[in-house]
Amino acid sequence: MNLFRKFPFNEKPNTAIFTCIHIINKEKPILFVTHDNDGYWQFLCGNNHSEDESRIVSLEEIYNIDNSIKKLVNLNYGQSAYRKDEKSKWIVK
């Protein structure tokens, strides 16, 4: 992490989050995000996934892949956000 950049999330940078192999391999953009009722975050490409395509990485790692997620720092427990493509605005529901 760049020491001169403030990490935007309330959670620690090393917080474990769920994602998919498509995001990690930078094959697809993050299009769907949930902040589950239990506090866990999920950053997904929007496709259906098998269990073997799931990954657990740090919040900092996913932020470094796509820092547009900083717009979702105030996503409450139980809320989700989606967008049509990586250039679209996030829609919270």
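Heavy-atom basis, side chains included; hydrogens, waters and symmetry copies ignored.
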Q | Rounded distance (nearest 0.5 Å) linking atom NZ of Lys26 with atom CG of Asp66 | A | 10.0 Å

Q) Out of curiosity, does Ile62 fall in the hydrophobic cluster containing Tyr40 (side-chain heavy atoms, cut-off under 4.5 Å, transitive links)? A) no

Q.
Is there a path of hydrophobic side-chain contacts, each under 4.5 Å between heavy atoms of I/L/V/M/F/W/Y residues, joining Val33 to Tyr82?
A. no

Q) How many angstroms lie between CG in Asp52 and SG in Cys20, if you round to the nearest 0.5 Å? A) 11.5 Å

Q) Would one find more than 12 heavy atoms of other residues, nucleotides or ligands at under 6.0 Å from atom CG of Asn25? A) yes

Q: To the nearest 0.5 angstrom, please state how far the NZ atom of Lys28 sits from the CG atom of Asn47.
A: 3.5 Å

Q: Work out which heavy atom in Asn37 is nearest to a heavy atom in Gly78; give both atom names and the distance.
A: OD1-CA, 3.1 Å

Q. What is the minimum heavy-atom distance between Arg83 and Ser68, and which atoms define it?
A. NH1-OG, 3.0 Å

Q. Taking atom CD of Glu60 and atom CD of Glu11, what is their separation to the nearest 0.5 Å?
A. 13.5 Å

(Q) Could you see if Leu59 belongs to whatever hydrophobic cluster contains Tyr63? Use Ile, Leu, Val, Met, Phe, Trp, Tyr and a side-chain cutoff under 4.5 Å. (A) yes

Q. What closest approach, in Å, do Pro8 and Val73 show between heavy atoms, and which atom pair accounts for it?
A. O-CG1, 3.5 Å

Q.
Hydrophobic cluster membership, with links at side-chain heavy-atom distances under 4.5 Å among I/L/V/M/F/W/Y: are Ile17 and Ile69 in one?
A. yes

**Q.** For Asn74 against Gln79, the heavy-atom pair lying closest together
**A.** O-OE1, 4.2 Å

Q: Start with the C-alpha distance between Ile65 and Ile24, add both sets of side-chain angles, then the distance that settles side-chain contact (heavy atoms from CB on, under 4.5 Å), and finish with yes or no.
A: CA-CA 8 Å; Ile65 289 172; Ile24 298 301; 4.2 Å; yes

Q: Scan Phe18, Phe32, Phe9 and name whichever one has a ring pair (Phe, Tyr, Trp, His ring centres under 6.0 Å) with Trp41.
A: Phe9

(Q) One pair to check against side-chain contact (heavy atoms from CB on, under 4.5 Å): Ile30 and Trp90. What are the steps and the verdict? (A) CA-CA 11 Å; Ile30 299 170; Trp90 288 103; 3.8 Å; yes

**Q.** Stepwise side-chain contact (heavy atoms from CB on, under 4.5 Å) test for Phe43 and Ile23
**A.** CA-CA 8 Å; Phe43 297 87; Ile23 303 296; 5.7 Å; no

Q: Would you give the length of the straight line joining atom NZ of Lys84 to atom CG of Leu31, rounded to the nearest 0.5 angstrom?
A: 11.5 Å

Q | CD-CD1 distance between Glu53 and Ile21, expressed to the nearest 0.5 angstrom | A | 8.5 Å

Q) So, the side chain of His35 versus the backbone of Leu75: is there a donor-acceptor pair under 3.5 Å, distance only? A) yes

Q. With a 4.5 Å heavy-atom cut-off, do Lys71 and Lys89 have their side chains touching?
A. no

